[in-house]
A.B. asks: 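My questions will all concern the structure given below.
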Number of protein chains: 2
Amino acid sequence: MNANLIAPTPSAYAYPLLIKQLLVNSLSLYGDQEITYRGEMRYSFREFRQRIGRLASALSALGARHGTTVAVMDWDSHRYLESYFGIPMMGATLFTVNVRLSPQQILYTLNDSEAEIVLVHADFVPMLEQIKDGLKGVRHIVVMADGQPEPETALPLAGEYENLLGQASPEFEFRDFDEQTKAATFYTTGTTGDPKGVSYSHRDIVLHALVAATSLCAQKDGQRLHREDVYMPITPMFHVLAWGLPYVAVMLGLKTVLPGRYVPELLLKLRQSEQVTFSHCVPTILQMLLQAAPQDGAPDLSGWKMIIGGSALSPVLCEAALARGLDVFAGYGMSETGPIVSLAQLPPGFKAADPREEVRMRCSPGRPVPLVDFRIVDEEMRDMPRDSKSQGEIVLRAPFLTQSYFKKPEASEELWAAGYLHTQDIAVMTPGGFVQIVDRIKDVIKTGGEWVSSIEVESLIAEVPGVQECAVIGVPDAKWGERPMAFVVCKPGMELEPSAICERLLGHVESKRISKFAVPDTDRIAFISEIPKTSVGKINKKALRGQPLTSDESSAGLRKDSARVGEVLRSVNYKPE
Amino acid sequence: MNANLIAPTPSAYAYPLLIKQLLVNSLSLYGDQEITYRGEMRYSFREFRQRIGRLASALSALGARHGTTVAVMDWDSHRYLESYFGIPMMGATLFTVNVRLSPQQILYTLNDSEAEIVLVHADFVPMLEQIKDGLKGVRHIVVMADGQPEPETALPLAGEYENLLGQASPEFEFRDFDEQTKAATFYTTGTTGDPKGVSYSHRDIVLHALVAATSLCAQKDGQRLHREDVYMPITPMFHVLAWGLPYVAVMLGLKTVLPGRYVPELLLKLRQSEQVTFSHCVPTILQMLLQAAPQDGAPDLSGWKMIIGGSALSPVLCEAALARGLDVFAGYGMSETGPIVSLAQLPPGFKAADPREEVRMRCSPGRPVPLVDFRIVDEEMRDMPRDSKSQGEIVLRAPFLTQSYFKKPEASEELWAAGYLHTQDIAVMTPGGFVQIVDRIKDVIKTGGEWVSSIEVESLIAEVPGVQECAVIGVPDAKWGERPMAFVVCKPGMELEPSAICERLLGHVESKRISKFAVPDTDRIAFISEIPKTSVGKINKKALRGQPLTSDESSAGLRKDSARVGEVLRSVNYKPE
């Protein structure tokens with residue numbers, strides 16, 4: 001066979017897709033554009049580029065080379081943004097440490113990632129002190145004093161971030177290398193087993209930026225990003241590269257506001273003073289913002305576009321945000337998927353017949369973005385009909401999915417079974433391509449031979465007046481196999497009886513929205529003061545189940561889940577309507 | 001050195017960037033979207049995909065394999081769009097034949113490209129008959145009757161397009177292959193030498209589509225593309241893949257209108273009946289459209305966004321188009337560059353102090369698009385200051401530039417000298433990043449030791465009342481080396497004297513816009529009825545100079561041009577202001 005490949009002339013530039021290429025156009029056209037840290041400090045893209053050079057020179061002086069892993073522990077800052085570029089541009093790997101994990105988990109991830117240099121904000125120095133004796137590969141620690149005096153510590157410090165940058169040269173030759181070079185790594189907090197290392201190449205990050213930009217910008221009016229937006233991430237920068245959106249913002253030359261540690265009042269102040277128009281966050285942050293913003297008048301929230309992800313956006317919260325003028329819409333993805341693979345942008349020509357329909361659309365994971373092969377399949381990998389009711393697992397192909405877990409070959413193969421990335425999310429699709437998540441495979445409850453969606457029961461309980469938040473899990477039951485158990489948080493000042501919740505749910509049984517097996521028994525409805533959340537704001541069902549948080553059940557756990565995929569799919573798909 | 005490459009798990013899908021991937025999202029979300037041919041025939045994206053399968057099956061039955069070159073000679077049709085996808089998706093190479101070339105040139109390109117199958121519209125059958133005895137590799141000819149009875153011809157036909165598709169299966173397995181596979185090829189008409197074969201890989205085409213989409217969609221309001229636009233190309237589909245924009249339209253799921261052979265009245269009718277909102281064309285077509293559209297009322301042109309490329313958009317034409325409500329803006333690129341490397345979108349926050357400033361911006365090649373490293377350099381590859389006056393050659397790096405000319409190693413190396421693609425365009429850049437082309441290197445005139453821009457003189461002559469169009473070349477002169485010679489077309493019913501033109505230009509000498517050497521002598525101003533144009537609508541200066549059109553001076557010619565680059569740059573950059 002004639003391979004029919006293009007034969008480049010020897011002098012032709014092959015143009016590998018490297019993170020440094022995202023800077024070319026911004027620096028050429030938007031060199032004066034601003035980056036501000038908390039509104040207290042600001043500099044231009046031009047200075048940003050110089051500081052990237054200084055960072056690389058400073059790290060290089062500490063021995064960082066192509067292939068060195070450099071860990072960052074910081075709030076959302078300009079320093080973090082510098083690391084997003086400077087570290088991978090050297091050919092080193094940026095490790096974004098999840099600072100909300102326990103000290104022992106952080107120790108595990110620092111050792112597992114083979115980090116050699118750690119850049120650490122003063123706030124996290126005490127945590128690092130706790131685990132310093134267990135660190136295996138770390139050779140240098142650079143502290144980020146963040147404008148304060150250097151913290152006193154027993155840690156051997158290589159220097160302070162600003163001092164090192166000040167002494168280093170802005171001239172650093174960022175060479176070309178293979179676009180498959182590992183640019184960034186981080187750990188999924190997962191809900192089972194030890195954290196698993198996920199990584200992205202330069203090519204992954206550049207392609208994710210292009211696809212996300214295309215999808216976000218192509219929208220006619222609502223739910224869109226454009227060149228005149230002011231961008232402020234409110235998803236931690238350690239979390240899946242803040243959904244890859246800082247790379248999009250820099251590529252497009254947008255004014256970028258980095259809010260530091262999230263304080264609702266400061267976020268609202270920055271929104272106002274810096275004229276922020278585009279953000280993204282988890283539902284919990286959105287709720288905090290709405291609670292912190294006075295209902296009448298300033299600060300005005302209208303025209304603030306916001307992607308909501310991490311966990312499901314509830315219709316109640318969505319409506320509250322829309323009422324304040326926020327253009328909120330969900331996005332869907334996982335640590336392993338880039339992350340953005342679908343966005344709840346309203347479709348072309350959409351006119352809501354019923355405002356609730358629009359809310360439902362905005363709260364759904366939305367529709368797949370370009371180039372993403374987004375399938376909902378049964379356990380034989382057959383596509384399910386798009387009839388809003390046939391359930392299957394979401395499996396994906398895209399040019400920016402993680403290609404393996406670090407040093408976890410079995411879990412990696414499970415992730416990529418049959419050549420598609422398995423999300424373990426059970427979903428249905430509407431004829432128009434909108435996805436609706438039914439449940440996580442491991443959260444589906446099997447009771448009395450029936451499969452019950454924990455998410456569905458949660459959303460119905462959330463509608464009960466007086467309920468602020470709730471979570472539903474399956475608990476073992478001698479007679480029924482499993483039974484649903486609900487944890488409920490009441491609104492401040494409200495009190496509820498379990499019977500009130502049961503009565504309400506039984507009403508939905510009568511209207512056939514759920515089966516009677518889905519209604520928790522009154523002694524399995526617990527009122528608690530707070531729903532436990534994972535470090536990235538998802539409901540922590542593992543904690544609710546009282547499971548150990550760091551046990552090593554990873555690949556075995558995955559195999560169990562995989563077995564469950566088949567079991568769940570076989571039953572839900574053949575369940576009579 | 002630790003290569004630090006991502007190690008994919010064996011089952012991971014690598015996701016090569018292939019043209020077929022552009023269809024995934026459109027088919028998933030926009031299967032009902034329409035493609036229409038002249039408004040007479042229409043079908044859905046779903047049917048489009050089936051016909052792509054049928055086309056591949058039919059070509060396969062004719063022996064087309066991975067690596068086979070399949071030539072297309074057609075007007076802008078749905079068949080062409082099917083070829084844009086079906087042929088490369090098989091791993092074969094789509095050769096878009098420039099049907100405006102002479103029969104001898106077409107023969108040359110069919111043989112040089114090693115085309116084995118030709119899909120030919122009935123209108124071009126007589127041309128093919130003329131050259132059939134010279135065809136070396138063509139094994140099958142498929143005629144496209146376009147709804148008419150099959151033409152009578154002595155050519156041995158393998159069948160008629162619709163018949164073959166009707167008999168072929170829509171099921172064709174489009175396999176994965178290397179993203180560097182040659183997807184499409186065509187020939188630059190050039191202005192010197194034989195046509196040169198340019199080719200693009202699947203990766204080139206996908207990345208060009210993503211970058212063009214990002215840049216076009218990111219604009220806040222004017223000069224932008226969005227998901228609700230209706231797209232109609234008016235740049236021939238044989239010409240640099242219609243600037244790659246049909247791929248963008250299909251990726252975004254836009255309604256697509258294919259106008260067949262360009263007839264101004266039909267184009268205007270389609271604009272109206274199909275609600276076209278986004279197009280692209282050369283200035284000549286724009287002028288034809290404005291002339292054909294009645295001045296008062298219907299058809300309404302407002303809200304029609306249009307990229308103008310191929311040759312310079314003149315301020316006069318731009319103003320006329322803006323006055324009719326067209327949102328016209330220039331784009332820049334060459335056959336070798338993807339093609340789009342810059343777009344004249346108004347910058348963020350732009351407010352015109354002077355309406356002429358806005359017109360100047362819209363007529364310029366604009367500003368580079370993301371990921372394009374767009375430099376203006378002297379002959380030592382040093383960047384020129386961005387002061388709107390320091391001239392240099394435009395050189396480029398981008399992830400979608402042609403990597404070589406087919407079977408022309410010397411010309412390929414000249415194109416890529418020093419690892420940058422050399423455009424041979426002399427330009428300046430404003431501090432804001434707007435490019436202004438001063439001249440093509442080979443069109444600059446050296447007279448009395450001074451370098452004169454033919455484009456600058458042309459634009460000043462175009463301002464003289466009564467002038468419709470003009471072209472300026474350098475002609476040999478015993479005393480001055482060269483002298484400018486102007487060819488002028490007057491507006492219908494107008495007559496002008498050479499002296500009127502000279503007087504006007506001398507006024508610009510007084511105001512120091514041009515040097516006195518730039519003013520043609522009265523006996524070197526010729527009034528003609530039409531400016532000769534190349535097959536793609538550019539001023540054919542080669543024809544004006546009376547040069548042979550198909551002489552084989554290719555690589556030697558390029559070397560001569562390269563010598564001139566240095567000569568031109570050395571003088572213009574050190575010329576006192």
Side-chain angles (χ1 to χ4, degrees), chain A residues 1-13 15 17 21-22 24-25 28-29 65-67 91 93 178 180-182 199 201 210-211 213-214 217-220 226-228 251-252 348-349 367-374 397-399 403-404 409 412-413 415-420 433, chain B residues 1-13 15 17 21-22 24-25 28-29 65-67 91 93 178 180-182 199 201 210-211 213-214 217-220 226-228 251-252 348-349 367-374 397-399 403-404 409 412-413 415-420 433:
Chain A
M1 193 180 76
N2 166 3
N4 197 28
L5 300 184
I6 297 258
T9 192
S11 296
Y13 181 66
Y15 205 110
L17 297 174
Q21 316 277 22
L22 297 176
V24 171
N25 193 245
S28 170
L29 304 185
R65 299 278 172 271
H66 188 100
T93 300
D178 194 314
Q180 303 286 8
T181 301
K182 193 197 285 188
S199 53
S201 67
L210 284 171
V211 170
T214 295
C217 296
Q219 195 73 349
K220 186 178 180 196
H226 58 68
R227 284 206 178 97
E228 304 189 31
M251 174 177 74
L252 294 177
R367 307 203 301 171
V369 299
L371 269 66
V372 174
D373 183 8
F374 191 115
R397 285 178 167 179
Q403 298 284 296
S404 64
S412 301
E413 279 296 290
L415 182 68
W416 275 103
Y420 276 83
Chain B
M1 191 180 78
N2 166 3
N4 198 27
L5 299 185
I6 297 258
T9 192
S11 296
Y13 181 66
Y15 205 110
L17 297 174
Q21 316 276 24
L22 297 175
V24 171
N25 194 245
S28 171
L29 304 185
R65 300 276 173 275
H66 189 100
T93 301
D178 193 313
Q180 303 286 7
T181 300
K182 192 197 286 187
S199 52
S201 67
L210 285 170
V211 170
T214 296
C217 295
Q219 195 72 350
K220 185 178 179 196
H226 58 68
R227 285 206 177 98
E228 303 190 31
M251 173 176 75
L252 294 177
R367 308 204 300 172
V369 298
L371 270 63
V372 173
D373 184 7
F374 191 115
R397 284 179 169 179
Q403 298 285 296
S404 64
S412 301
E413 278 297 290
L415 180 71
W416 275 102
Y420 275 82

A.B. asks: Minimum heavy-atom separation for Ala7(B) to Ser404(A), with atom names?
C.D. replies: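 Where Ala7(B) meets Ser404(A) most closely, the heavy atoms are O-OG, 2.9 Å.
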A.B. asks: When only pairs under 4.5 Å are counted, which of Arg397(B), Arg367(B), Gln219(B) shares the most heavy-atom pairs with chain A?
C.D. replies: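 Result: the option with the highest number of such pairs is Arg397(B).
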A.B. asks: Could you state the interatomic distance from CZ (Arg227(B)) to SG (Cys217(A)), rounded to the nearest 0.5 Å?
C.D. replies: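 SG of Cys217(A) is found 9.5 Å from CZ of Arg227(B).
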A.B. asks: Can you give me the closest heavy-atom contact between Pro348(A) and Glu228(B), atom names plus distance?
C.D. replies: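 Heavy-atom minimum between the residues: CA-OE2, 3.5 Å.
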A.B. asks: Is Leu371(A) close to chain B through its backbone or its side chain, or both, or neither, when contacts mean heavy atoms under 4.5 Å?
C.D. replies: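 The answer is both parts of Leu371(A).
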A.B. asks: Answer with side chain, backbone, both or neither: which region of Pro370(A) has an atom nearer than 4.5 Å to a non-hydrogen atom of chain B?
C.D. replies: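 For Pro370(A), the contact with chain B is made by backbone and side chain together.
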A.B. asks: Which atoms of Pro409(B) are under 4.5 Å from chain A, going by heavy atoms: the side chain, the backbone, both sets, or neither?
C.D. replies: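 Backbone only.
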A.B. asks: Using side-chain contact (heavy atoms from CB on, under 4.5 Å), reason through Thr214(B) and Met251(A) one step at a time and then give a plain yes or no.
C.D. replies: CA-CA 10 Å; Thr214(B) 296; Met251(A) 174 177 74; 4.0 Å; yes
A.B. asks: Among the options Ser28(A), Pro10(A), Pro399(A), Gly91(A), pick out the one with the most heavy-atom pairs lying under 4.5 Å from chain B.
C.D. replies: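 Of the options given, most contacts go to Pro399(A).
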A.B. asks: For each of Leu252(B), Val211(B), Val24(B), tally heavy-atom pairs with chain A at distances under 4.5 Å, and name the one with the top tally.
C.D. replies: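 Most heavy-atom pairs within the cutoff with chain A belong to Val24(B).
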A.B. asks: Do Tyr13(A) and Tyr420(B) touch side chain to side chain, with heavy atoms closer than 4.5 Å?
C.D. replies: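 Not in contact.
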A.B. asks: When heavy-atom pairs shorter than 4.5 Å are enumerated against chain B, which of Ala12(A), Pro368(A), Ala213(A) gives the highest number?
C.D. replies: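 Between Ala12(A), Pro368(A), Ala213(A), the count favours Ala12(A).
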A.B. asks: Can you tell me how far the CD1 atom of Ile6(A) sits from the CD atom of Gln403(B), to the nearest 0.5 Å?
C.D. replies: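 Interatomic distance, Ile6(A) CD1 to Gln403(B) CD, rounded to 0.5 Å: 7.5 Å.
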A.B. asks: Can any side-chain N or O of Asn4(A) pair as donor or acceptor with the backbone N or O of Lys182(B) at less than 3.5 Å?
C.D. replies: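 Here the side-chain-to-backbone pair exists.
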A.B. asks: Using non-hydrogen atoms and a 4.5 Å limit, figure out which bit of Arg65(A) sits close to chain B: side chain, backbone, both or neither.
C.D. replies: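 No part of Arg65(A) comes within 4.5 Å of chain B.
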A.B. asks: Relative to chain B, which of Ala398(A), Ala418(A), Ala218(A), Gly433(A) shows the most heavy atom pairs under 4.5 Å?
C.D. replies: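 Ranked by heavy-atom pairs under 4.5 Å with chain B, first place is Ala218(A).
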A.B. asks: Report the distance from atom CG of Leu5(A) to atom OG of Ser199(B), rounding to the nearest 0.5 Å.
C.D. replies: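 That separation rounds to 11.0 Å.
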A.B. asks: Among Val369(A), Asp373(A), Thr93(A), Leu29(A), single out the residue with the greatest number of heavy-atom pairs under 4.5 Å to chain B.
C.D. replies: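 Looking at each of Val369(A), Asp373(A), Thr93(A), Leu29(A) in turn, Leu29(A) comes out on top.
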